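Below is one structure; the comments refer to it alone.
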Amino acid sequence: MYIFGGETQFGDFNRARPTTILLNDLCAFDLTTRTWEKCKSRGLQPPSMTGVTMVSHEDRLIVFGRYVTRALPFCSNEELYVYDLREMMWTCPKITFPWPSRMSGHTATVQGRVMVIFGGFHETECFLTGDIWCLDLDTLTWTKRESTGVEKTAMPRWKHYQFHLDHENLLIVGGENKEDTFNDMWHLNMKSPVWTWREIPMRQTFNNRTKLTICSRACKIGQKLIIIGKNHSPMGKTEELQSINVCDLSHVLDTSDPYAEWLTPHEIGTGIGMSPQDIKDIFHSSLVLGHGELIHFGGRINDPPLRPVHDKLHFIRPFF
């Protein structure tokens, strides 16, 4: 498991506001020995950054995007970095126009030999986008793709989820814009010259309502979408329970009547060997699939006015 960049904090959390710093290190977690190692690197190291995406393709890690706190002159070479896992070397490839504007909070997946990004916040123009850009991973050239929908298309957003279904299909879930937090799901078909959007209805087999917030952590395992977040408690209670929510995606690609179905959530601490306090109120963390288990790492602890960084690993055994 590879972790790149992000932010951390240091200082006295009890007496003063801690100092926040951005990182540009690449670290590897060995899934067998369960040990961390800082990756060696040569070449042009990326700057410290957050709000980026990182995908893997063959023996390379591709990092794109950057969150900045002030307007900077645009330079395409600042946005795309490639790490060769065999050579342990960073490169910043030369990019020819067109290319995406500087952005953060977007999402990315590898579809065959193409990296597809969607949404995000344009740092230079200061607006949210619903654009789709593709990076050819052989030639490292960008292409902006046109899309349409039978009734409507996915609205511009950031901090959402994007999941690979197969080489011709992906899924966009949740996110937010300046006014709303989305609880929707969109299927993007990439087969025809003009790609097509289709909103996917979400059914539920229980009376609670899963909340797809930007604070949740998510990953996809086979035909299941796993989100660690909150859902409304049963029997009319007002509190919200920290839980593991599972959405069945096996009918998303159906031609006539596509849908996704939320299954009964598993409250954290109920039969999965964890305490609700272990990952309670942690957001902006990561959730990935390891060797037969989910790995939860990092994030911020929602404890206003201070929001210290969470540095622990949690391992969750499958339960479905």
Side-chain angles (χ1 to χ4, degrees), residues 51-58 60-65 80 100 103-121 128-138 140-177 182-202 212 214 216-227 245-255 257-262 286-289:
V52 305
T53 54
M54 180 171 72
V55 299
S56 62
H57 177 67
E58 296 179 341
R60 299 180 297 171
L61 302 176
I62 297 97
V63 174
F64 173 74
L80 185 70
M103 67 173 60
S104 63
H106 56 287
T107 52
T109 52
V110 174
Q111 308 289 141
R113 306 194 67 81
V114 174
M115 179 179 76
V116 179
I117 66 171
F118 170 75
F121 179 73
L128 292 174
T129 177
D131 291 344
I132 305 168
W133 284 87
C134 298
L135 178 70
D136 187 303
L137 296 175
D138 294 320
L140 295 180
T141 55
W142 286 103
T143 304
K144 185 178 180 180
R145 297 304 304 250
E146 297 297 325
S147 64
T148 187
V150 176
E151 298 181 353
K152 53 184 179 178
T153 61
M155 292 179 62
R157 65 190 68 200
W158 72 333
K159 300 178 181 178
H160 46 283
Y161 310 112
Q162 179 173 326
F163 300 104
H164 171 275
L165 296 176
D166 57 36
H167 290 347
E168 296 180 340
N169 299 277
L170 62 80
L171 205 62
I172 300 295
V173 182
E176 69 169 11
N177 61 16
F182 297 114
N183 279 330
D184 54 359
M185 179 180 292
W186 290 86
H187 163 225
L188 179 64
N189 180 269
M190 300 170 284
K191 186 175 182 179
S192 60
V194 177
W195 293 358
T196 55
W197 289 103
R198 180 172 59 172
E199 187 170 9
I200 302 298
M202 289 186 284
L212 299 175
I214 61 172
S216 303
R217 288 76 71 196
C219 69
K220 178 176 172 289
I221 305 176
Q223 294 296 317
K224 299 291 194 303
L225 169 61
I226 311 297
I227 294 182
N245 305 287
V246 181
C247 186
D248 185 354
L249 304 177
S250 58
H251 295 282
V252 165
L253 296 181
D254 289 357
T255 303
D257 185 24
Y259 66 92
E261 184 173 25
W262 288 104
S286 59
L287 184 70
V288 299
L289 177 64

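In this text the structure is predicted, and so the values were computed from the model without any measurement. Counting from 1, the numbers follow the sequence of the chain as shown.
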Pairwise side-chain contact, [X] with [Y], heavy-atom cut-off 4.5 Å (strictly under):
X	Y	answer
Asp131	Pro100	no
Cys219	Leu287	yes
Thr143	Asp136	no
Leu171	Leu225	no

Legend entry - Polar side chain donor-acceptor pair, Glu146 to Trp195, under 3.5 angstrom: no
Legend entry - Leu249 and Met185: CA distance, side-chain angles, deciding distance, side chain to side chain contact (heavy atoms under 4.5 Å, CB included) verdict: CA-CA 11 Å; Leu249 304 177; Met185 179 180 292; 4.1 Å; yes
Please enumerate all residues that pass salt bridge (charged side-chain N to carboxylate O under 4.0 Å, His left out) together with [X], with sequence neighbours excluded.
X	result
Asp166	none
Asp138	Arg113
Asp248	none

With [X], which residues qualify under side-chain hydrogen bond (donor to acceptor under 3.5 Å, both in side chains), at least two apart?
X	value
His251	Asp254, Tyr259
Thr196	none
Ser286	none
Thr109	Gln111, Gln162

Legend entry - Listed partners of Val55 passing side chain to side chain contact (heavy atoms under 4.5 Å, CB included), at least two apart: Ile62, Ala108, Val110, Met115
Smallest separation among heavy atoms of [X] and [Y], with atom names:
X	Y	value
Met103	Ile117	SD-CD1, 4.0 Å
His187	Val252	CB-CG1, 4.5 Å
Ala260	Ile200	N-CG2, 3.6 Å
Ile172	His160	CG2-CD2, 4.0 Å
Leu128	Asn177	CD1-CA, 3.3 Å
Cys134	Val114	CB-CG1, 3.5 Å

Scan the side chains in residues 148-156 for donor-acceptor partners under 3.5 Å anywhere in the protein, sequence neighbours excluded, and list what turns up.
{"unit_1": "Lys152", "atom_1": "NZ", "unit_2": "Glu199", "atom_2": "OE1", "d": "3.2"}

Legend entry - Residues which pass ring-ring contact (aromatic ring centres under 6.0 Å, His included) with Trp142, listed by chain and number, not counting sequence neighbours: Phe64
Legend entry - Partner set under ring-ring contact (aromatic ring centres under 6.0 Å, His included) for Trp197, not counting sequence neighbours: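 In terms of ring-ring contact (aromatic ring centres under 6.0 Å, His included), with neighbours along the sequence ignored, Trp197 is linked to Phe118.
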Say you draw a straight line from [atom1] of [X] to [atom2] of [Y]; how long is it, rounded to the nearest 0.5 Å?
X	Y	atom1	atom2	value
Thr141	Leu135	OG1	CG	7.0 Å
Asn169	Arg198	CG	CZ	8.5 Å
Ile132	Leu170	CD1	CG	7.5 Å
His106	Trp158	NE2	CH2	12.0 Å

Legend entry - Main-chain N/O of Gly174 paired with Arg157 side-chain donor or acceptor, under 3.5 Å: yes
Inset, instruction - Kindly say whether Pro193 contributes a backbone atom to a donor-acceptor pair with the side chain of Arg145 at under 3.5 angstrom? - result: yes
